[in-house]
Q: 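Have a look at the structure that comes next, please.
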Amino acid sequence: QVQLVESGGGLVQAGGSLRLSCAASRRTFSSFTMGWFRQAPGKEREFVAAVRWNAGNTYYADSVKGRFTISRDNAKNTVYLQMNSLKPGDTAVYYCAATRLNWSGSVYVTNSYAYWGQGTQVTVSS
């Protein structure tokens with residue numbers, strides 16, 4: 001079992017920045033592929049970014065590419081999402097997620113992730 005706790009959400013003006021953090025409870029954190037998803041009111045949960053457990057390859061949704069950066073610190077069991085040049089369309093609840101151990105499948109779909117955090121609200125005002 002893995003517990004995930006997000007932090008760092010809040011209210012920011014368009015063009016501003018936020019950094020989300022997700023702390024994991026497992027010491028085998030380095031063996032989990034980690035992802036960020038978001039869900040706006042009335043919409044389905046959508047992929048934002050992911051970082052694999054091995055090579056550390058990163059993946060981004062087209063809508064955030066060039067503005068968001070995902071990173072991980074295995075020594076701290078934490079994954080981060082640096083969000084720059086925020087837009088009102090980025091407003092959503094952001095969720096951290098972890099796959100099962102040594103996952104090599106798709107990182108883009110919710111079904112790939114076995115563990116989820118409780119979510120943190122990000123609101124971008126215009």
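Heavy-atom basis, side chains included; hydrogens, waters and symmetry copies ignored.
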Q: Sorted by first residue and then second, give each disulfide (SG to SG under 2.5 Å) pair with at least one member in residues 56-93; sequence neighbours left out.
A: none
Q: Identify the heavy atoms of Tyr59 and Asn57 that sit nearest to each other, and give their distance.
A: CE1-O, 3.5 Å
Q: Please report the closest heavy-atom contact between Ser71 and Val79, naming both atoms and the distance.
A: O-CG2, 3.1 Å
Q: Can you tell me how far the OG1 atom of Thr110 sits from the CD atom of Gln39, to the nearest 0.5 Å?
A: 9.5 Å
Q: Has the side chain of Ser112 got a donor or acceptor atom that lies under 3.5 Å from a matching backbone atom of Ser106?
A: yes
Q: What I'd like to find out is whether the side chain of Val93 reaches to under 4.5 Å of the side chain of Thr120, using heavy atoms alone.
A: no
Q: With side chains defined as the heavy atoms from C-beta onward, is the minimum distance between Arg52 and Thr58 less than 4.5 Å?
A: no
Q: Pick from Arg67, Gln82, Met83: which one makes a side chain to side chain contact (heavy atoms under 4.5 Å, CB included) with Ser17?
A: Gln82
Q: Quick one: are Val122 and Val124 in side-chain contact, heavy atoms under 4.5 Å?
A: yes
Q: Indicate yes or no for a side-chain donor-acceptor contact from Trp116 to the backbone of Gly119 under 3.5 Å, with no hydrogens or angles considered.
A: no
Q: Assigning hydrophobic clusters by single linkage (Ile, Leu, Val, Met, Phe, Trp, Tyr; side-chain heavy-atom cutoff under 4.5 Å), is Met34 placed with Val64?
A: yes
Q: Taking the ring of Phe68 and the ring of Trp36, is the distance between their centroids below 6.0 Å?
A: no
Q: Would Leu20 and Val5 show up in the same hydrophobic cluster when neighbours are defined by side-chain heavy atoms closer than 4.5 Å?
A: no
Q: Determine, using the 4.5 Å side-chain heavy-atom cutoff (strictly less than), whether Ile70 and Val107 are members of one ILVMFWY cluster.
A: no
Q: Please list all pairs passing the salt bridge (charged side-chain N to carboxylate O under 4.0 Å, His left out) test where one or both residues lie in residues 2-25, with sequence neighbours left out.
A: none
Q: Nearest 0.5 Å please: distance from the OG1 atom of Thr123 over to the CG atom of Asp90.
A: 11.0 Å
Q: Would you say the ring centers of Phe47 and Phe37 fall short of 6.0 Å from each other?
A: yes
Q: How long is the span from the CH2 atom in Trp53 to the OG1 atom in Thr33, to the nearest 0.5 Å?
A: 8.0 Å
Q: Run the salt bridge (Lys or Arg N to Asp or Glu O under 4.0 Å) test against Arg45 and tell me which residues pass, sequence neighbours left out.
A: none
Q: Say you draw a straight line from CZ of Phe29 to CG of Leu101; how long is it, rounded to the nearest 0.5 Å?
A: 12.0 Å
Q: Does the cation-pi check pass for Arg100 over Tyr115, that is, NZ or CZ under 6.0 Å from the six-membered ring centre and within 45° of its axis?
A: no
Q: Restricting to non-hydrogen atoms, name the atom on Pro88 and the atom on Ala14 that form the minimum distance, rounded to 0.1 Å.
A: CD-CB, 4.1 Å
Q: Flag yes if more than 12 heavy atoms outside Lys43 fall under 6.0 Å of its NZ atom; otherwise flag no.
A: no
Q: Check Ala92 against Gln121 and note the closest heavy-atom contact, atom names and distance.
A: O-NE2, 3.4 Å
Q: Any chance you could measure Tyr113, atom OH, to Phe32, atom CZ, to the nearest 0.5 Å?
A: 13.0 Å
Q: What heavy-atom pair brings Leu4 and Cys96 nearest, and what distance separates the two atoms?
A: CD1-O, 3.8 Å
Q: Just how far is it from atom CG of Asn102 to atom OG of Ser31, taken to the nearest 0.5 Å?
A: 5.0 Å
Q: Linking I/L/V/M/F/W/Y whenever their side-chain heavy atoms sit closer than 4.5 Å, directly or via other members, would Tyr60 and Leu18 fall into one cluster?
A: yes
Q: Can you give me the closest heavy-atom contact between Val51 and Arg72, atom names plus distance?
A: O-NH1, 3.5 Å
